Amino acid sequence: MPSLSNPESRALPVHVGIIMDGNGRWAEKRRLIRSQGHLEGLKAAKRIVKAASDAGIRFLTLYVFSTENWKRTAEETGFIMGLVKQYLRGELDFYRENRIRIRHAGDLRGLPNDIAAELAAACEETAPFPGMQVVLALNYGGRDEIVRAVKKLVAENGETPITEQNIRSFLDNPDIPDPDLVIRSAGEYRTSNFLLWEGAYSEYYVSDVLWPDWTKEEFDRALAAYRGRCRKFGGAA
Ligand code: IPE
Ligand code: IPE
Ligand code: MG
């Protein structure tokens, strides 16, 4: 077991979250339709899942589709949902070979039935796998997650005290540690409703590189930047 006094072993984030942004701009720059950007974004997601697994990351949360992304045209949301289905089917062998577990964050009930069923099946089949865990944040909103958690807490037992610990226990994946590092591509400095509760003390890394252009090298740069951070969690250094 690595020593905790070894800064290298201490500095590798256990949980990394990624706001995969910039697919549309990638396509627009090339005078392509937005769907083309989402297609390339899917390829980038495959590269980065592999890079994270190779790097020894234990949990990787990918922001795939937010509760607000339904504001887009039916054509675009339909295309993204189709890609999700393609990803879940096409990548299952990779997940099996690498013993990677797929999980979900977000509201399953707001998803088209076929996508929800596909996702549930992938989560179930990979549940015993001991490798990295990939959380697909799909129809996910940080505020929505907190509201759903509080509703469940109240419905469970009207007398359960409202504490941070109790709210946390009703979040989508309460056993997963808070993200150490949240990466955002495409140069926007905002959370866009990603992991609001869990990201309270996450280190943020913003890169100008549009998501479809992300490579292992870019991901490694984010990990290196994280290594240089001094985390204080409100305490004195
Ligand atoms: C991220 O890329 C993908 C989703 C939000 C589903 P965008 O589609 O937001 O790309 P930009 O921000 O328009 O460039
Ligand atoms: C955040 O990106 C959501 C995902 C990456 C899935 P958006 O493109 O939706 O965020 P805004 O609208 O620029 O804040
Ligand atoms: Mg965007």
Side-chain angles (χ1 to χ4, degrees), residues 15-49 51-52 59-88 90-91 102-112 114-116 118-119 134-148 171-173 179 181-199 202-215 218-219 222:
H15 181 181
V16 177
I18 309 185
I19 304 170
M20 307 183 291
D21 197 17
N23 294 352
R25 276 162 282 175
W26 185 94
E28 278 154 29
K29 260 175 60 181
R30 289 164 179 77
R31 297 173 184 266
L32 299 169
I33 50 168
R34 293 179 61 82
S35 309
Q36 210 59 39
H38 294 310
L39 200 59
E40 290 302 316
L42 176 77
K43 294 182 193 163
K46 290 183 193 175
R47 286 195 293 277
I48 300 308
V49 167
F59 303 94
L60 179 71
T61 299
L62 298 177
Y63 203 6
V64 179
F65 193 91
S66 75
T67 45
E68 287 72 38
N69 285 147
W70 295 110
K71 292 175 185 168
R72 300 184 183 200
T73 64
E75 188 191 351
E76 183 169 352
T77 59
F79 186 84
I80 294 171
M81 290 302 146
L83 279 184
V84 168
K85 200 165 170 180
Q86 189 183 315
Y87 179 81
L88 288 169
E91 284 302 281
I102 302 179
R103 298 180 69 170
H104 174 238
D107 195 350
L108 263 186
R109 288 169 312 179
L111 285 169
D114 57 333
I115 306 289
E118 200 84 43
L119 188 57
V134 174
V135 183
L136 300 177
L138 187 55
N139 193 31
Y140 176 85
R143 289 180 175 174
D144 178 68
E145 183 188 23
I146 294 167
V147 169
R148 285 186 290 105
L171 294 177
D172 291 340
N173 294 295
L181 170 65
V182 172
I183 294 170
R184 181 158 189 155
S185 61
E188 308 294 350
Y189 286 75
R190 53 179 175 260
T191 69
S192 301
N193 209 7
F194 186 53
L195 300 180
L196 295 186
W197 182 282
E198 302 87 337
S202 300
E203 294 295 326
Y204 264 72
Y205 176 85
V206 176
S207 156
D208 284 338
V209 177
L210 304 176
W211 180 249
D213 290 328
W214 268 63
T215 56
E218 200 55 36
F219 184 72

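Being a predicted model, the structure only gives us computed values, none of them experimental. In each ligand, atom 1 is the first atom listed, and ligand 1 is the first ligand listed.
Among protein heavy atoms, the minimum distance from atom 14 (O) of ligand 2 is reached at Ser192 OG, 2.6 Å. At the top of the distance list for atom 9 (O) of ligand 2, counting protein heavy atoms only, stands Asn69 ND2, 2.9 Å. For atom 7 (P) of ligand 2, the nearest non-hydrogen atom of the protein is Arg72 NH2, 3.9 Å. In terms of protein heavy atoms, atom 5 (C) of ligand 2 is closest to Met20 O, 3.4 Å. Scanning the protein heavy atoms around atom 13 (O) of ligand 2, the nearest turns out to be Arg190 NH2, 2.8 Å.
Remark: Trp26 pairs with no residue by the ring pair (Phe, Tyr, Trp, His ring centres under 6.0 Å) rule, at least two apart or across chains. For Arg190, the side chain to side chain contact (heavy atoms under 4.5 Å, CB included) partners two or more places apart in sequence, or in a different chain, are Arg184, Glu188, Ser192. Every residue meeting the salt bridge (Lys or Arg N to Asp or Glu O under 4.0 Å) condition with Arg148, not counting sequence neighbours, appears here in chain and number order: Asp144, Asp172.
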Output, in order, the C-alpha distance, side-chain angles, deciding distance and verdict of side chain to side chain contact (heavy atoms under 4.5 Å, CB included) for Ile102 and Glu91. CA-CA 11 Å; Ile102 302 179; Glu91 284 302 281; over 6 Å; no
Between Tyr204 and Val182, is a side chain to side chain contact (heavy atoms under 4.5 Å, CB included) present by the stated rule, with each step listed? CA-CA 5 Å; Tyr204 264 72; Val182 172; 3.5 Å; yes
For the pair Glu40 and Asn23, evaluate side chain to side chain contact (heavy atoms under 4.5 Å, CB included) and give the outcome as yes or no after the intermediate values. CA-CA 8 Å; Glu40 290 302 316; Asn23 294 352; over 6 Å; no
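Pro212 approaches Arg47 most closely through the heavy-atom pair O-NH2, 2.9 Å. Looking at every heavy atom in both residues, Ala27 comes nearest to Gly37 through CB-N, 3.8 Å. The shortest heavy-atom contact between Leu83 and Leu39 is CD2-CD1, 3.4 Å. Closest approach of Gly187 to Asp208, counting heavy atoms only: CA-OD1, 3.5 Å.
Among the atoms of Trp26, none of the N or O lies under 3.5 angstrom from an N or O of ligand 1. Residue-to-ligand polar distances keep Tyr63 apart from ligand 2: every N/O pair is separated by 3.5 Å or more.
The His38 neighbourhood of ligand 1 comprises atoms 3 (C), 8 (O), with distances under 4.0 Å to a heavy atom of that residue. Interface atoms of ligand 2 facing Phe65, defined by a heavy-atom separation under 4.0 Å, are 6 (C). Proximity to Ile80 (heavy-atom distance under 4.0 Å) selects the following atoms of ligand 1: 6 (C). Near Arg25, the atoms of ligand 1 lying under 4.0 angstrom from a non-hydrogen atom of the residue are 11 (P), 12 (O), 14 (O). Near Gly24, with a cut-off below 4.0 Å to any heavy atom, the atoms of ligand 1 are 7 (P), 8 (O), 10 (O), 11 (P), 13 (O), 14 (O). The atoms of ligand 1 that sit less than 4.0 Å from any heavy atom of Val64 are 6 (C).
For CD of Glu75, the number of neighbouring non-hydrogen atoms (other residues, nucleotides, ligands) closer than 6.0 Å is 12 at most.
For atom 11 (P) of ligand 2, the nearest protein heavy atom lies under 4.0 Å away.
The closest approach between Ala186 and ligand 1 stays at or above 4.0 Å for every heavy atom of the residue. No heavy atom of Glu188 sits closer than 4.0 Å to any atom of ligand 2.
The structure places CG of Leu62 at 7.5 Å from CZ of Phe194, a figure rounded to the nearest 0.5 Å.
Taking 2.8 Å as the limit, the number of protein N, O or S atoms around the Mg ion (ligand 3) is 1.
For the residues Thr67, Asp21, Ile18, Leu62, the heavy atom positioned nearest atom 8 (O) of ligand 2 is part of Asp21.
Remark: the backbone N or O of Glu28 is not paired with any side-chain donor or acceptor of Arg34 at under 3.5 angstrom. Side-chain N or O atoms of Trp214 include one that pairs as donor or acceptor with a backbone N or O of Val209 at under 3.5 Å.
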